[in-house]
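Presented below is the structure to which this report refers.
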Amino acid sequence: MTIKERYRRAMEWFQTAIPEAETELHYKSPFQLLVAVILSAQCTDKRVNMVTPPLFEAYPTAEAMSTASLDDIYSYIKSVSYPNNKAKSLLGAAKMLVEEYNGEVPSDIDSLMRLPGVGRKTANVMLSVVWNKAAMAVDTHVFRVSERIGLTTGSKTPLQTEKELCRYIPEELIPRAHHWLILHGRYVCKARRPDCLNCGLTQVCRYYMQESKKG
DNA sequence: AACTCGGGGCA
DNA sequence: TGCCCAGAGTT
């Protein structure tokens, strides 16, 4: 099966199979999404969802957060923060937003990646979710699913995966494909014990083929 | 590009 | 208990 055929089948699935589920789309502002995504790194969504309501009540905007003290921010996110780093990232990002971007979240990748706590993945999430741009944020879900169903072939780094996916997926479908890959990876094509019975892509899936052989 | 970081989830 | 995780930051 050619790579284009694999993509064609995946695209068909993308159109029909978005599951009903909580997504990053449930955010009140770009700033609050940014904070949530920064906190999400190395941490489960559940725990992030525990701390964000009180955090956003205290600091609903970049401006509000930028004037807070490190300790105050830290007190809100203790349970999802490693010693010292995330409160610093949040405060630093809030300050940079206020000082350099008029309190708004910028919409280009270079500006986003200058923010503390924001790497390539987080920056691409913002571009994709907030501005619907043709950005592919490669996290482990996207990486794993793409490898299994053959959209990538042995990509070694997230950046290589990102480039390969963007090469074959039509620009206007990239935000949807991104959304789909993440949800599919989270709820169906899980790292351990994936729900292959609920997946429409078993015909193109290397993982499924392997498991089938095992019996 | 490879390494570090470090609490949580899971076997 | 020990292994792996998921990203950002560092070298």
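In what follows, every chain begins at residue 1, and chains take the letters A, B, ... in the order their sequences are listed. The figures that follow rest on heavy atoms only: side chains count, while hydrogens, waters and symmetry mates do not. The structure displayed is predicted, hence computed values, not measured ones.
With rounding to whole Å, A/Lys121 atom NZ is found 16 Å from C/dG9 atom C1'. Between the CD1 atom of A/Ile38 and the P atom of C/dG7 there is a distance of 13 Å, given to the nearest Å. The CG atom of A/Leu39 sits 14 Å away from the C1' atom of C/dA6 (whole-angstrom rounding). Taking atom NE2 of residue A/His141 and atom P of nucleotide C/dG7, one finds them 7 Å apart after rounding to whole Å. Here C/dG7 presents its P atom at 12 Å from CZ of A/Phe143, a figure rounded to the nearest Å. Rounded to whole Å, the distance from CG on A/Asn85 to C1' on C/dT10 is 14 Å. In this structure, CG of A/Leu34 is placed 11 Å from P of C/dA8, rounded to the nearest angstrom. Rounded to whole angstrom, the span from the NZ atom of A/Lys86 across to the P atom of B/dG7 amounts to 13 Å.
Judged by distance alone, with hydrogens and angles left aside, the side-chain atoms of A/Arg186 form no donor-acceptor pair with the main-chain N or O of A/His141 at under 3.5 Å. With hydrogens and angles disregarded, no donor-acceptor distance shorter than 3.5 Å links the side chain of A/Tyr168 to the backbone of A/Ile3.
In this structure, A/Thr140 reaches the C/dA6 phosphate: one of its side-chain N or O atoms is under 4.0 Å from OP1 or OP2. Between A/Thr122 and C/dA8 there is a side-chain polar atom (N or O) within less than 4.0 angstrom of OP1 or OP2.
Counting any heavy atom pair closer than 4.0 Å across all strands shown, A/Pro116 reaches sugar-phosphate atoms only and no base atom.
Each of A/Cys43 and A/Ser89 was assigned the nucleotide of DNA chain C with the nearest heavy atom; the assignment lying further toward the 5' end belongs to A/Cys43.
Atom CE of A/Met50 sits in a sparse spot, with 12 or fewer heavy atoms from other residues, nucleotides or ligands closer than 6.0 Å. Within 6.0 Å of the OH atom in A/Tyr208, the count of heavy atoms belonging to other residues, nucleotides or ligands does not exceed 12.
Here the nucleotide nearest the side chain of A/Gln42, chosen from B/dC10, C/dA8, C/dA6, is C/dA6.
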